[in-house]
Amino acid sequence: MSTTPVLALRGVSKRFGAVQALTDVDLEVHAGEVVALVGDNGAGKSTLVKAIAGVGPADAGELLWQGVPARVGRPHDAQDLGIATVYQDLALCDNLDVVGNLFLGRELKRSGVLDEVEMERRSRELLATLSIRIPSVRIPVASLSGGQRQTVAIARSMLGEPRLVILDEPTAALGVEQTAQVLDLVERLRERGLAVVLISHNMADVKAVADQVAVLRLGRNNGVFDVATTSQEEVIAAITGATDNAVTRRRARSTEPKTEAPQ
Amino acid sequence: MTTDLSRTPGDAPDASSGPTPPATPPPATDPRLLVRSDGLAGYWSDFLRRMRSGELGSVPVVLGLAVIWVVFWLLEPSFLSAQNVSNLSVYIVGTGLIAVGIVFVLLLGEIDLSVGSVSGLAGAVFAVLAVNEGITEWLALLVALLTGALAGAVHGFFFARVGVPAFVVTLAGLLFWNGLMLQVLSSDGTVNLDKDGLVGSMTSHFFTDVAAAYGLALLAVLGYFAAQWSEHRRRVGVGVPARPLSEIAVRTGALALAAFLLAYTLNQYKGLPLALVIFLAVLVVFDFVVRRTTWGRRVFALGGNTEAARRAGINVTAVRISVFSLAGTMAAFGGLLIASRIAAADQGAGSGVLLMEAIAAAVIGGTSLFGGRGTVWSALLGMLVIGSISNGLALLGSPSHLQYMITGGVLLAAVVIDSVSRRTQRSAGRT
């Protein structure tokens, strides 16, 4: 990881009235890397994502985009840089078909008229390259399963050719098979050389696809761990704030020598 | 859906043995689902599946219309006479144009209660300007339409920018614009229009040449076929599923049958009414706008999920104001045609059942009250139902209270179908 990170945050702080939501938070994401952002409820995950996505800009701190300081004051700024955000509540229109949803807000036109044929062709192409399987691109998204809807929402973010994709709880409220579909898709994003920030509550998901785990606790950094060499207990301890006690120290010492080589 | 069934997930184990060939991307469609065979059989099975899952579309209203026509025809054979069909085709236009605007408001999931008053105001503005003030007719027409657009934009502003519920804003509009109309007409009470003037001739002019009706029917059929054919060619060219040719043939045939039958009937009486031409032109244009323009797509998106539309970068406020402004404009246009039909602007214009009929027409025609689902054609279909009922009962010599009760029943039936189909769609996974 000697290359310049796609996105680097330095000392980001954000305040809501009397609440200091973020204090001096740092974060680095490299191309082709999945960084899981974990933390307890109210740890500041969503606030941090909103700061990156330009929905709620930070009060202080620096955002380096490929090593260059950048300002993200509006959602539009983030999109222009190449940051795509998939929000927890999906933001799909149930009554529109898959093609309509994928191209919502950036419809393709042919002499001023919607080019349905080209949009449909590109949709099928995009879904095929991401190996997303849905019954038909011409049915309303309401008829898709939760996992399929989530994959459509993620595919939608890919249309803008982003460099960084932020996924906010993509597997929350999904079944086992559907979660597997979404995690497969996250891996495919990484294979395509994108940087991915994955917010999750589910340690199994994090273990499965993430390379790094960045832990937030009470609005502060509480460690960045390499997933391959860190036990789940250590991460959870960092989340809950139980990192620094005798038990964890002893366990950390005892597990240190036998680092398993990542396959 | 022409899916390559030879490439199934069952092939996967082979890939692990030996050097893997360059991975061919699996088809974007899951072959287990919604496999539609080619040709008419596939079309029919797809149709049945849609019916079962509650995507009823225009089917209930077309069936209902057929029943209504057969019943009235059996009770009074002159119901389907050339003269009566011609009268009906002129009668539905005024309210039908108002209903077109209502369709757009319903697509947003909102309601506009002011369209009756706005239509009356537009008629009064036109009559006073053109007849009393002696202003050129087309200029007066333009001012009347702009009045409607402005009234609608005011509703839209208070709804979209200030955040007042559309129901309340347009209820206030209903009173306000009606009062303004009374003030505009104050000195005169009733203004008679020139029957042969620009607006007067809109409902009184008929193209008596038989070639006009047949020509328009031919144009519609050829235009429809050409559009379908070129779409088919283009889809096949880039390799996305296309509507089978047999289906295009059946659709074009059905349209041709209906169009030429209507043209023949109209030619038995006075010929092709100008009012009907205006209505059909408006329907074709707005059908295109709603299905093939970015603006139309945005209206649907807002009706489906406003928050999603906002995050997709759609200017929600602007779309909402434009829709209400359009509803006002169409209300004004409809009001002018109603004034044209009775050749006068009077103090009672825009009151009574007009508002209810316009909203009922859109809903009976199949546009959902819950937003996000519907077509412009529902204005035509719904008005045909309402017009047929009132016209048929009038022929039978029934009193008007019976007409109200029956129309009310039909409206309730339409809303029940809308609600039930929405629930069925939900249980079938479709909203």
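First the proteins, then the strands, lettered A, B, ... as listed; each starts at 1. Small disclaimer: the values here were computed from a predicted structure and weren't measured.
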Next item on the list: Could you pull out the closest heavy-atom pair between A:Asn95 and B:Gly372, with the gap in Å?
Entry: ND2-O, 2.8 Å
Next item on the list: Measure distances from A:Leu104 to the heavy atoms of chain B and classify the residue's part below 4.5 Å as side chain, backbone, both or neither.
Entry: both
Notebook entry, point to check: To the nearest 0.5 Å, what is the distance between CD (A:Glu107) and OG1 (B:Thr293)?
Noted result: 9.5 Å
Note to self: Working note: B:Arg234 + A:Arg121, criterion side-chain contact (heavy atoms from CB on, under 4.5 Å); need CA distance, chi angles, decisive distance, verdict.
What the structure shows: CA-CA 11 Å; B:Arg234 189 143 176 263; A:Arg121 192 185 66 75; over 6 Å; no
Next item on the list: Evaluate whether atom CZ of A:Arg15 has more than 12 neighbouring non-hydrogen atoms of other residues, nucleotides or ligands under 6.0 angstrom away.
Entry: yes
Margin query: Show the nearest heavy-atom pair for residues B:Arg297 and A:Gly100, with the distance to one decimal.
Written below: NH1-CA, 3.8 Å
Next item on the list: Pick one of side chain, backbone, both or neither for A:Asn101, based on which atoms fall under 4.5 Å of a heavy atom in chain B.
Entry: neither
Margin query: For B:Arg291, which atoms come within 4.5 Å of any heavy atom of chain A: side chain, backbone, both, or neither?
Written below: backbone
Next item on the list: Assess whether atom CZ of A:Arg106 is packed by more than 12 heavy atoms of other residues, nucleotides or ligands within 6.0 Å.
Entry: yes
Notebook entry, point to check: Crowded around A:Lys14 NZ? As in, over 12 foreign heavy atoms under 6.0 Å?
Noted result: yes
Next item on the list: Please examine the side chains of A:Leu92 and B:Asn305, heavy atoms only from C-beta on, and report whether any two atoms are closer than 4.5 Å.
Entry: no
Check: Is the number of heavy atoms from other residues, nucleotides or ligands under 6.0 Å of A:Arg190 CZ greater than 12?
Finding: yes
Note to self: Nearest 0.5 angstrom please: B:Phe288 CZ to A:Leu114 CG, how far?
What the structure shows: 8.5 Å
Notebook entry, point to check: Between A:Cys93 and B:Ala301, what is the shortest heavy-atom contact and its length?
Noted result: SG-O, 3.4 Å
Next item on the list: State, to 0.1 Å, how close A:Val113 and B:Arg292 come at their nearest heavy-atom pair, and which atoms those are.
Entry: CG1-O, 3.3 Å
Next item on the list: Specify the closest pair of heavy atoms between B:Pro241 and A:Glu120, including all atoms of both residues, with the distance to one decimal.
Entry: CD-OE2, 3.5 Å
Next item on the list: List for me each residue that meets salt bridge (charged side-chain N to carboxylate O under 4.0 Å, His left out) alongside B:Arg320, sequence neighbours excluded, and say none if there are none.
Entry: none
Note to self: Counting only non-hydrogen atoms closer than 4.5 Å, does A:Arg122 touch chain B with its backbone (N, CA, C, O), its side chain (CB onward), both, or neither?
What the structure shows: neither
